[in-house]
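A short worksheet on the structure shown next.
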Amino acid sequence: MTALKQWYFKNGTQSNLIPSTRIRLARNLKQFPFEDRMTIDQQNQLSKLVQQALEQLQMGENKFRYLKLSDMSEKEIYSLLEKHLISLDLSRNTKTGFVAISEDDSISIMVNEEDHIRIQVLSTGFDLERALDLANKIDDYFDHELDYAFDPKLGFLTACPTNLGTGMRASVMIHLPALKQFNAIQQLSNNLGKLGMTIRGSFGEGTNVQGDMYTISNQVTLGISEQNAIQNLENIAKQIIEKEQNARNQLKDNDGFLDAIWRSYAILKYAKLISGEECSQLLSSVRLGVSMGILTDISLEQINEITAYYMPSSLCLYYKKDLDAHQRDAARAQMVQQILTK
């Protein structure tokens, strides 16, 4: 762990329901073709330009580290993916993929992804305005240092037409175990689609839901300002929070519901083997119990710490050794219990 404590260990506004907020800006430079038409030399040149620009960017004590995926092991790459610091697309570009990550892991600048540059800001809790403000400061700096591809009518030019305009995707990670129990997620998804929003799995488009965590984000980037997009997402997230709270209130006196929470906690505390999939679901149940005041001798910070390390690649890096599937299940159980007894 670096000197500054990573953002994902902390809690913020309404972290009991929204563990994290993300702002992502897609940008391209005029002097290069889009990524799928770039040569390897051009991609390497782009990485150098971005790194040179970043070395002059002042972020207080929160300095950047620069990572070439070609210099990293598969586990190191996938650990970044597990922590949402890089995208699935970037993880696949092991030849020219490049990322600059701030010391507290709250900022990542991805280069040679679908677009030339992806500026990503992650924040704990429900914090869209602050995340957008920080992303815009970085974006303004790059706009001064680099030559963006921009059209007065279409806005920022992007490889995928669905990102044209602001090039911004704002999202919140939201925990919806109670709505899932009431089989309300599909209806929620249908309603969000009508409002220009989308609900996806924990790792975005095309990914499965893990631990009842859903990503809700804006779909519309053209013909709408960043502020309006943020305000729309914020209003919709508040409505979903209210629905989830109502669903939780209906469950709080149900013996089966309470039993499931206590059983999940007991398994995490005492099991000798825990698979990744099981751990994800147990953490969801325990997070719900903590958020509702049912479990009082465990904190959300402890759950956040477990969440940061329980996935396969991050777990291997945590123990600094390769682990096969059985060894990971044993190591995961040990790691969970160490954190729970702190």
Side-chain angles (χ1 to χ4, degrees), residues 1-23 62 78-86 101-108 120-128 130-131 171-177 201-204 209-216 237 241 244 248 261 264-265 267-269 271 274 276-319 328 331-342:
M1 196 183 305
T2 52
L4 291 175
K5 197 172 184 183
Q6 271 69 8
W7 73 271
Y8 41 77
F9 292 145
K10 304 173 186 177
N11 288 317
T13 304
Q14 294 185 294
S15 284
N16 59 325
L17 283 141
I18 298 183
S20 65
T21 297
R22 185 193 74 161
I23 298 291
N62 205 7
Y78 277 95
S79 180
L80 294 180
L81 183 62
E82 290 167 358
K83 290 181 171 65
H84 302 276
L85 295 174
I86 63 172
I101 301 174
S102 65
E103 198 170 12
D104 69 350
D105 289 352
S106 66
I107 303 166
S108 66
Q120 176 180 269
V121 173
L122 294 157
S123 181
T124 185
F126 195 13
D127 203 7
L128 286 164
R130 193 202 71 83
S171 64
V172 292
M173 186 84 74
I174 188 164
H175 189 217
L176 302 176
S202 312
F203 290 87
V209 175
Q210 295 184 359
D212 304 320
M213 291 288 183
Y214 298 84
T215 301
I216 297 173
I241 286 171
E244 173 68 17
R248 292 183 183 190
I261 288 174
S264 296
Y265 185 37
I267 293 170
L268 285 176
K269 283 191 76 172
I274 304 176
E277 184 177 354
E278 182 184 24
C279 190
S280 175
Q281 202 52 52
L282 293 171
L283 287 172
S284 173
S285 186
V286 170
R287 177 181 285 275
L288 179 59
V290 173
S291 298
M292 294 180 67
I294 297 165
L295 300 175
T296 57
D297 57 347
I298 176 177
S299 66
L300 286 178
E301 286 88 352
Q302 287 170 295
I303 297 172
N304 293 342
E305 189 172 354
I306 294 169
T307 301
Y309 296 125
Y310 84 90
M311 293 188 188
S313 295
S314 297
L315 189 66
C316 290
L317 294 180
Y318 181 87
Y319 282 102
R328 286 198 302 270
R332 184 177 293 109
Q334 182 183 48
M335 179 269 294
V336 167
Q337 286 148 28
Q338 286 173 346
I339 293 173
L340 290 181
T341 54
K342 281 185 177 180

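What you see is a predicted model; the values in this text were computed from it and never measured.
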Mind checking the [atom1]-[atom2] spacing from [X] to [Y]? Nearest 0.5 Å is all I need.
{"X": "M335", "Y": "E305", "atom1": "CE", "atom2": "CD", "value": "8.5 Å"}
{"X": "S79", "Y": "Y309", "atom1": "OG", "atom2": "OH", "value": "9.0 Å"}
{"X": "I274", "Y": "Q337", "atom1": "CD1", "atom2": "CD", "value": "6.0 Å"}
{"X": "Q210", "Y": "L283", "atom1": "CD", "atom2": "CG", "value": "11.0 Å"}
{"X": "L17", "Y": "S291", "atom1": "CG", "atom2": "OG", "value": "6.5 Å"}

Minimum side-chain heavy-atom gap [X]-[Y] below 4.5 Å:
{"X": "N304", "Y": "Y8", "value": "no"}
{"X": "T215", "Y": "R22", "value": "no"}
{"X": "I174", "Y": "I241", "value": "yes"}
{"X": "Y78", "Y": "M311", "value": "no"}
{"X": "K83", "Y": "Q6", "value": "no"}
{"X": "L176", "Y": "D212", "value": "no"}

Practice prompt. Return the minimal non-hydrogen interatomic distance between P19 and M173, and the atom names on each side.
Written response: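 What the structure gives for the nearest pair is CD-O, 3.0 Å.
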Discussion item. Using every non-hydrogen atom in the two residues, find where S15 and R287 come nearest and quote the distance to one decimal.
Written reply: O-NH1, 3.6 Å
Worksheet item: Taking it one step at a time, do I298 and L340 satisfy side chain to side chain contact (heavy atoms under 4.5 Å, CB included)?
Response: CA-CA 7 Å; I298 176 177; L340 290 181; 3.2 Å; yes
Worksheet item: side chain to side chain contact (heavy atoms under 4.5 Å, CB included) between D105 and L122: does it pass, once the steps are laid out?
Response: CA-CA 8 Å; D105 289 352; L122 294 157; over 6 Å; no
Quick one: does [X]'s side chain have a donor or acceptor within less than 3.5 Å of a partner on [Y]'s backbone?
{"X": "T307", "Y": "I303", "value": "yes"}
{"X": "W7", "Y": "T124", "value": "no"}
{"X": "Q302", "Y": "S299", "value": "yes"}
{"X": "T21", "Y": "G125", "value": "yes"}
{"X": "Q120", "Y": "H84", "value": "yes"}

Item to complete: Check step by step if side chain to side chain contact (heavy atoms under 4.5 Å, CB included) holds for N11 and E301.
Response: CA-CA 7 Å; N11 288 317; E301 286 88 352; 3.0 Å; yes
Worksheet item: Does CD belonging to E277 count more than 12 external heavy atoms closer than 6.0 Å?
Response: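 Counting other residues, nucleotides and ligands, CD of E277 stays at 12 neighbours or fewer.
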Item to complete: For side chain to side chain contact (heavy atoms under 4.5 Å, CB included), just list the numbers for F126 and V172, CA-CA rounded to whole Å, side-chain angles, deciding distance to a tenth of an Å, and then say yes or no.
Response: CA-CA 7 Å; F126 195 13; V172 292; 4.0 Å; yes
